[in-house]
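Order of listing sets the numbers, starting from 1, for every ligand and every atom in it. Side chains included, hydrogens not; waters and symmetry mates left out as well; all remaining heavy atoms used.
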Amino acid sequence: MLQVYAMGCGYLEFDRALFFPDSEKGTRWTVPVPSYLITHPQGNVLFDTGVHCQAIHDPEGRLGYLAKIFVNRSQDGDEVVSQLTRLGVRPDDIKYVINSHFHFDHAGGNEFFPRSTFLVQKNEMEGARNPEVAQKNGFDPKDFDHPLHYQLVDGEHDVFGDGKLILIPTHGHTPGHQSLRVRVSKGMELVLTGDACYTKENMERNILPRVAWDEGEMYRSLAALRDLRDKKGAALFYGHDPGQWQEIRRAPQPLV
Ligand SMILES: [Zn+2]
């Protein structure tokens, strides 16, 4: 039976104005870094791999200048491999890893899944392989540039061909950001938005964060996600929403 598990892969603390550019600078806040395990009858799927474990004890060594902007408030055991272990799942048990995008808090643990197939949007990989684009997006080759099996997808992609897990392009935050629609059961659909929408407040106020590669694209993606919620009845799970994180059922309980 298909289940979805929300795993907490630590926390990051930074200035709230990064999420809401119209608010005053100087207010610190702390947000969760989620990854999701989806158990599908044809194989396990991991959505995002969190921050690399080195960043827990050596944040500057791993994250460089970003460590000053995003203070890592994670502890031992928060990293994705430990989170999976708690659910009785080993990295080799993961058939597909989906990277919503290549930021350090979504692709940091990629190297620990050498036997999985990674599903990444073609234009995200093209951006990552272009030094200028990669630098502007804050991509770090340490996160993604490993001998891994990357399968590039272009736009919408049905992971198992049965309509249950569908990748949707939600570009804009980065060149090839993607979100995941999950049909958990008949009449129950959810969407893991990733950073196409950080929080419910970004959605409600239609406000983009400071981190946006292409604002026009990101507004279109936000509108598409809103339509899935309002017209298709999908439940949205936002990228880094501390309020929603407190309310939802987290692993080891299934999300829905
Ligand atoms: Zn991001």
Problem set entry | Residues Asp58 and Arg62 bridged, charged N to O under 4.0 Å | no
Problem set entry | Where at least one partner belongs to residues 176-205, residue pairs that pass ring-ring contact (aromatic ring centres under 6.0 Å, His included), sequence neighbours excluded | Phe19-Tyr198, His101-His177, His173-His177, His173-Tyr198, Tyr198-His240
Exercise. What protein N/O/S atoms are found closer than 2.8 Å to the Zn ion (ligand 1)?
Worked result: His101 NE2, His103 ND1, His173 NE2, Asp195 OD2
Exercise. Around atom NZ of Lys142, are there more than 12 heavy atoms of other residues, nucleotides or ligands at under 6.0 Å?
Worked result: yes
Seminar exercise, completed: Closest non-hydrogen contact found for Ser116 with Ile94 is OG-O, 2.7 Å
Exercise. In this structure, are over 12 heavy atoms from other groups packed under 6.0 Å from Arg90 atom CZ?
Worked result: no
Problem set entry | Atom pair CG (Leu66) and CD (Glu60), whose distance is rounded to the nearest 0.5 Å | 11.0 Å
